[in-house]
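These values consider heavy atoms only, across backbone and side chains, with no hydrogens, waters or symmetry-generated copies. So you know, we letter chains A, B, ... as the sequences are listed, proteins then strands, and number each from 1.
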There are 2 protein chains.
Amino acid sequence: MSNSEVQVGYLVKQAQSLLRLRMESALRPHSLTVSQYSCLHRLRREPGISAAGLARATFMTRQSMNSMLQQLLDRGLVERPARPDSGRALPTALTAAGTDLLSAAQAEVDRVEESMLSGLSQSDLIALTRGLNACVKALEG
Amino acid sequence: MSNSEVQVGYLVKQAQSLLRLRMESALRPHSLTVSQYSCLHRLRREPGISAAGLARATFMTRQSMNSMLQQLLDRGLVERPARPDSGRALPTALTAAGTDLLSAAQAEVDRVEESMLSGLSQSDLIALTRGLNACVKALEG
DNA sequence: TTGCTCATGTAAGAATTCTGACATAGAATT
DNA sequence: AATTCTATGTCAGAATTCTTACATGAGCAA
């Protein structure tokens with residue numbers, strides 16, 4: 001209760017920064033950055049997504065995403081066709097190695113998120129989720 | 001209500017990203033980045049703070065903060081003594097120009113935060129703040 | 001005093017991400 | 001059919017931030 005004047009925007013930034021720090025620690029043994037993990041995570045959820053779509057889902061530019069995808073390609077964690085079957089979008093997907101690495105990494109990341117929420121009751125968690133969703137919706141509009 | 005499986009960590013990141021985007025738009029006319037704004041904001045709250053302390057408060061490294069402070073010094077928005085009076089820390093403070101610019105910028109940033117919270121009731125806001133504080137506390141521990 | 005630890009400032013370089021720009025493919029419009 | 005619009009991929013370069021490393025000043029303990 002150091003100071004109740006703290007603004008919500010600052011709290012969001014603080015929580016996100018700390019969460020990122022903990023995730024980095026958890027992911028370092030797997031040689032993954034948070035951005036790379038987010039990318040792999042999204043790829044499992046939405047196989048065949050384009051780099052531009054991936055960028056939107058992970059809050060980066062498509063230029064940054066493409067340079068990151070190149071690294072993941074080099075490591076054999078993801079795969080893309082050489083040429084698009086239609087349009088310009090190159091559908092990207094996880095390889096078997098990527099799927100395995102993601103599973104191992106997610107186990108640890110999930111523990112980080114669990115610990116973050118450890119002080120919250122069921123109803124607290126619902127209220128937090130509702131509040132954040134309302135913020136997102138308002139900022140999008 | 002697209003998907004209730006979304007994790008809280010992702011929501012935090014999404015909210016923070018969108019908030020940053022809106023803040024960037026609001027600050028661009030003032031030629032300030034979000035990081036610079038955060039720095040000025042903290043300086044008003046804690047005049048005489050060191051660059052390292054400023055870095056901690058704004059979630060950056062002290063190296064990044066020092067290079068940012070150099071820009072703000074060049075623009076005459078902040079001031080630091082040439083030599084420390086004691087120890088190594090150089091106490092930093094806002095100039096009159098920095099105070100004025102901050103006031104003008106904050107008016108617009110406050111509107112962004114207001115709009116973010118526009119869909120929340122009083123009790124929703126309290127619950128959101130409580131939830132975020134609990135997350136921060138758990139991640140710090 | 002001496003040595004140890006910690007915090008701060010700083011320098012050099014790498015890595016990441018972004019901005020601006022351009023080409024291309026499909027969709028939409030006229 | 002021709003044009004315009006939108007989305008995607010890509011290139012080049014800049015800007016930001018981080019990593020690693022080192023020097024210095026203060027506090028503390030032996």
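Among the atoms of the strands shown, none is found under 4.0 Å from any heavy atom of Gln70(B). Among the heavy atoms of the strands, none lies under 4.0 Å from Gln36(A).
When atom types are taken as modelled, the side chain of Ser17(B) and the backbone of Gln14(B) share no donor-acceptor pair closer than 3.5 angstrom.
Contacts between residues 46-60 of chain A and DNA chain C, defined by a heavy-atom separation under 4.0 Å, are made by Met60(A). Within residues 77-90 of chain B, the residues approached by DNA chain C to less than 4.0 Å at the level of any non-hydrogen atom are Arg80(B), Arg88(B), Ala89(B), Leu90(B), in residue-number order.
Within the structure, salt bridge (charged side-chain N to carboxylate O under 4.0 Å, His left out) pairs that include any residue of residues 13-27 of chain A comprise Arg20(A)-Glu24(A) (at least two apart or interchain).
DNA chain C is contacted by both Gln63(B) and Glu24(B); Gln63(B) maps to the nucleotide lying nearer its 5′ end (nearest heavy atom per residue).
For Arg111(B), there are no side-chain hydrogen bond (donor to acceptor under 3.5 Å, both in side chains) partners two or more places apart in sequence or in a different chain. With sequence neighbours excluded, the residues forming a side-chain contact (heavy atoms from CB on, under 4.5 Å) with Thr129(B) are Val8(A), Leu11(A), Leu125(B), Asn133(B), listed by chain and number.
Between Thr61(A) and the phosphate of dT17(C), there is no side-chain N or O to OP1/OP2 separation shorter than 4.0 Å. Contact annotation: Ser64(B) side-chain N/O to dT16(D) OP1/OP2 distance is not under 4.0 Å.
Checking dT17(D), dT19(C), dT8(D) against the side-chain heavy atoms of Arg62(A) singles out dT8(D) as nearest. Side-chain proximity of Ser35(B) to dT17(D), dT19(C), dG9(D): nearest is dT17(D).
The base of dT16(D) has none of its N or O atoms less than 3.5 Å from a complementary donor or acceptor on the side chain of Gln71(B).
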Can I get a per-line list of side-chain donor-acceptor pairs under 3.5 Å for residues 90-98 of chain A, giving both atom names and the distance, sequence neighbours left out?
unit_1: Thr92(A); atom_1: OG1; unit_2: Arg80(A); atom_2: NE; d: 3.0
unit_1: Thr92(A); atom_1: OG1; unit_2: Leu90(A); atom_2: O; d: 3.2
unit_1: Thr95(A); atom_1: OG1; unit_2: Gly76(A); atom_2: O; d: 2.6
unit_1: Thr95(A); atom_1: OG1; unit_2: Leu77(A); atom_2: O; d: 3.1
unit_1: Thr95(A); atom_1: OG1; unit_2: Ala97(A); atom_2: N; d: 3.4
unit_1: Thr95(A); atom_1: OG1; unit_2: Gly98(A); atom_2: N; d: 3.1

